[in-house]
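Read through the structure below, which is laid out as structure tokens, and then see the notes.
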Amino acid sequence: MKRYSSAAAERKWQKTWEKEKQFFVPSAVKGKRKLYVLDMFPYPSGQGLHVGHVESYTASDIIARYYRMRDYAVLHPMGWDAFGLPAENYAIKTKTSPRIVVKKNVANFKRQINSLGFSYDWSREINTTDPEYYRWTQWIFLKLFKRGLAYQKEMPVNWCPSCKTVLADEEVVGGKCDRCGTPVERKNLTQWMLKITAYADRLLEDLDGIAWPEKVKTMQRNWIGRSEGVVIDFLPQGADRQAYARLSENKKIISKANPLRVFTTRPDTIYGATYLVVAPEHPLIEAVGNQLTNRREVDAYLRAARNKSDEERIAQGKEKTGVLLGGVWYINPATNKKIPVYVADYVLIHYGYGAIMAVPAHDERDFDFAKKHHLPVVPVVSPDGKTDSMVLPYTGNGVLIHSGSMDGKQAHDAAGDIVRMVDGKAHTQYKMRDWVFSRQRYWGEPIPLVFCQHCADKIKNPSPTGGQEKSKIKNLSKGEALNPGWVPLDEKDLPLTLPNVKRYEPTGTLQSPLSAVPGWVHTRCPRCGGPARRETDTMPQWAGSCWYYLRYIDPKNRHALIDPKKEKEWIPVSVYIGGVEHAVLHLLYARFWHKVLYDEKIVHAPEPFYRLVNQGIVLGSDGEKMSKSRGNVVNPDDIVKKYGADALRMYEMFMGPLEDAKPWDEKGIIGIVRFLERIWAMGQQFAKKTGRKKPAPNQEFTGALHRTIKKVTQDIEAFRFNTAISALMILSRRMDETLDSVPLRAFETFLALVFPFAPFMTEEIWRGVLKNKKSLGRHAWPVYAERYIAQEMVAIAVQVNGKMRGTITVPANASRDDALAAVSADPRLAPHISGKVVTRVVFVPDRIINIMCG
RNA sequence: GCCUAGGUGGCGGAAUUGGUAUACGCGCACGACUCAAAAUCGUGUCUCGAAAGGGAUGAGGGUUCGAGUCCCUCCCUAGGCACCA
């Protein structure tokens, strides 16, 4: 018997399939159902493909091949997320251009992917570092800018004083530079921000309509962190409240009044607000600087807070530090009593208004702080209306006490009245912050903006003629009004290509290496033609991956990001498969950009990915995450060489549920190899016996075959590949044992079922051994008929008083009485009920009979 | 601390409207083939028990004729968030 050579067959069919353009979608075929199966595209690292990639790409490949056999038009593309830090760092180390590194790595990835027989349509391959691709990334950025969704803000960055460079968060390990170990400093730097918060509500609400794992939806909801509450202004002692109200109605700035604005979700507890707390960065501190009676103490606290890294804050646990702002008094608008103000770093400047009203009786953090600083704790909500019936802090609902005219009311009922009384205003607050979009790096998309001082002056300074100079500037976009002097490039001038540089090293300043290319930096203002300088920061790696799924649909379009007709055909993506590590960042950023493009009418659906499937990570055989340093990394190339691509594909699907984390165990792969060899051997038998007698129809076998078709079909659609393979194994064993009576047609059906999992070997048997002309991939997916599945005889479980006693075999759909009779007739079961009084019988047809007797 | 999944043989895991727990595979043991080994094939493999029978799905309770599956309390593991007012 001819042995199966995986290497030869894989080479042969890889080439043939490519020649035959098996996976090419010229355009969606009219009338065909469409399916867009998308993988999270990889970062082409120097390490090559990971067995984790193989897992998720095999899953998507099975889905793609299955639906092609079901006659769907299937879009299944692949590309490269090739900007990013590792390529840049490698370029610094080896003094080669990241372009060269990326090219090499992409070639290796592509070779590996093809070796595994993944059925991608390579005519749609994209690369985020290709100027023809990032031209449109920049184009989308301009849309964001013009809509006023990009703005500049001072943000702290990680600075390594030894490497003299800005570090990404992942380059900071334990507060130290990952490369040299020097403690990292925080420096403020003006950064481009994207206003993702403007889309917070839509990002939250639209989660309801998409088929994503609940886990990922929960993570996004928590990340967005919407909470409904009220803002309340506290006035300083001596301020005239009526005057303040008038001023605030007129929207005039009230510098003297210095109201302190707080956000709270519990306005009903305001009678218990015994002090206020502001964050260390709060402007009030500077405003009251001169009247502080303990200025030195406050300054010392602020200094300490500023030097504390986030990590140190967390390391200190929940211990709450803070100091009084001596001599500063505010009025609680409910009680009209004066209350003190503290500065404490448990209040965060970027949440709400950076200030809170502290209600120690009903908030755990305020309670801790009050205890430590001996501040009064006044309970105002009681579960039963009594003053001493609760353990403080009590955060539940109840009846108001110590609350003046509100006493005795249900707290949540009285909230509205209280808010009106203190002039509070409803406010929705989010945890999510805007997206820091600048990177002081070389290897990213250049931001297509220039800064023009002349235009800045024109926008900022009203002209001496007293005119509205601002409106005289033609077509001033929201972005330019928001960022005076920043002028977007003309769309016609895109792409703004990344210039070649001699050195990829950091400049030793806070600027990106691009700032060291004078010929690139100095340019002309697209608006006034005067001298201007380019933005030298680049975009983060997330940018290119925010919209790549759109470009696959129309990858060569030179006139538009995507043709609207094609977009309608394929968006939203039917299934998106990838790791759960992208649950918030990538998947939130991509949804955000998609919604902006929706508002721009570039896309017609509000969400990009209809269904999301997470694959779990493949761990090393030690149960730990695979990493070079642990030495537990498995290279797919080695496994393919040893066992063949089909075996690797199938084994990764057989290891367990797709979404679970699973340890790699090379020993287990032998079971799959044996299974595949059994199929091969059967194929050889069928090839020999072409002239043999047609076997007599065997109803039982036909039933088993059809049940397997049903199971495999349902399991594939539900991504339960492990149990599908198990069903195929069971059928293969059965066929092997009774091969003489198995019709060729049945074996062919079986091959078709296996094809999506192990395309190389099944194709080799189908065309190479059984001499079929067309690819097995063109074969229609087998259909099952319920009439064959129905069994004549079924085994049903017998329980006596709820205890399993055995089984009986009865005709399908047998009645309760028939089943009871069968039990009585069974010599092993009858003794359990004979001579006893049957009090009740529970009977589930074809499943179980439970006989209660005394 | 909060949120989300989970906890089933020696191991990966089946059992998805509550209805025969441990499918399938690995490993292991024994047998066949072989001078021998590997490979392959066959048989067995939760546990106590000679058997009849009993006991097991993290622990303990509950609902039910019947619970791995539903409810309550607790323990443990993984992932996420981390003073969010």
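FYI, side chains are in, hydrogens and waters are out, and symmetry mates aren't considered; it's all heavy atoms of this structure. In what follows, chains carry the letters A, B, and so on, assigned in the order in which the sequence lines appear, proteins first and then strands, with residues in each chain numbered from 1.
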Holding to side-chain hydrogen bond (donor to acceptor under 3.5 Å, both in side chains), I want the full list of residues that pass it with [X], two or more places apart in sequence or in another chain.
{"X": "A:E228", "value": "A:R226, A:T428"}
{"X": "A:T197", "value": "A:D434"}
{"X": "A:R433", "value": "A:H350"}

Below 4.0 angstrom, N of the basic side chain to O of the carboxylate: do A:E700 and A:R734 qualify?
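Yes, charged N to carboxylate O under 4.0 Å.
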Qualifying residues under side-chain contact (heavy atoms from CB on, under 4.5 Å), relative to A:V580, sequence neighbours excluded:
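For A:V580, the residues satisfying side-chain contact (heavy atoms from CB on, under 4.5 Å) (neighbours in sequence not counted) are A:K215, A:V216, A:A583, A:N614.
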Please identify each residue that fulfils ring-ring contact (aromatic ring centres under 6.0 Å, His included) with A:Y342, with sequence neighbours left out.
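A:Y342: ring-ring contact (aromatic ring centres under 6.0 Å, His included) contacts with A:Y275, A:F369, A:H373.
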Who pairs with A:W664 by ring-ring contact (aromatic ring centres under 6.0 Å, His included), at least two apart in sequence or on another chain?
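ring-ring contact (aromatic ring centres under 6.0 Å, His included) check on A:W664 returns A:Y651.
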Checking base pairs now: Watson-Crick or wobble, both atom distances under 3.5 Å. What partners [N]?
{"N": "B:rA78", "value": "B:rU4"}
{"N": "B:rU20", "value": "none"}
{"N": "B:rC26", "value": "B:rG10"}
{"N": "B:rC70", "value": "B:rG62"}

RNA chain B: 5'-proximal contact among A:R840 and A:Y651 (nearest heavy atom)
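Closer to the 5' end of RNA chain B: A:Y651.
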Considering only distance and modelled atom types, tabulate donor-acceptor pairs under 3.5 Å from the side chains of residues 789-797 of chain A, sequence neighbours left out.
none

Within residues 811-821 of chain A, the residues having a heavy atom closer than 4.0 Å to RNA chain B are none
Side-chain donor-acceptor pairs under 3.5 Å in residues 817-826 of chain A, sequence neighbours left out?
unit_1 : atom_1 : unit_2 : atom_2 : d
A:D818 : OD2    : A:S815 : OG     : 3.3
A:S824 : OG     : A:L820 : O      : 3.1
A:D826 : OD1    : A:R828 : N      : 2.8
A:D826 : OD1    : A:L829 : N      : 3.2

For nucleotides 10-18 of chain B, print each protein N/O atom paired with a nucleotide N/O atom at under 3.5 Å, atom names and distance only.
unit_1 : atom_1 : unit_2 : atom_2 : d
B:rG12 : O2'    : A:M655 : O      : 2.5
B:rA14 : OP1    : A:N722 : ND2    : 2.9

Over all strands shown, is A:K431 touching base, sugar-phosphate only, or nothing at heavy-atom distances under 4.0 angstrom?
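The residue A:K431 makes base contact.
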Check: A:H582 and A:Y576 side chains under 4.5 Å, non-hydrogen atoms
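When only atoms from C-beta onward are counted, A:H582 and A:Y576 do not touch, as no gap falls below 4.5 Å.
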Between the protein and nucleotides 43-52 of chain B, which nitrogen or oxygen pairs are less than 3.5 angstrom apart?
none

Any side-chain N or O of A:K215 under 4.0 Å from OP1/OP2 of B:rA78?
no
Please check the phosphate of B:rC3 (OP1 and OP2 only) for any side-chain N or O of A:R221 closer than 4.0 Å.
no
Pair up each side-chain donor or acceptor in residues 265-273 of chain A with any protein partner under 3.5 Å, not counting sequence neighbours, and list the distances.
unit_1 : atom_1 : unit_2 : atom_2 : d
A:R266 : NE     : A:D268 : OD1    : 3.1
A:R266 : NE     : A:D268 : OD2    : 3.3
A:R266 : NH1    : A:T395 : O      : 3.3
A:R266 : NH2    : A:D268 : OD2    : 3.1
A:T269 : OG1    : A:R266 : O      : 2.8

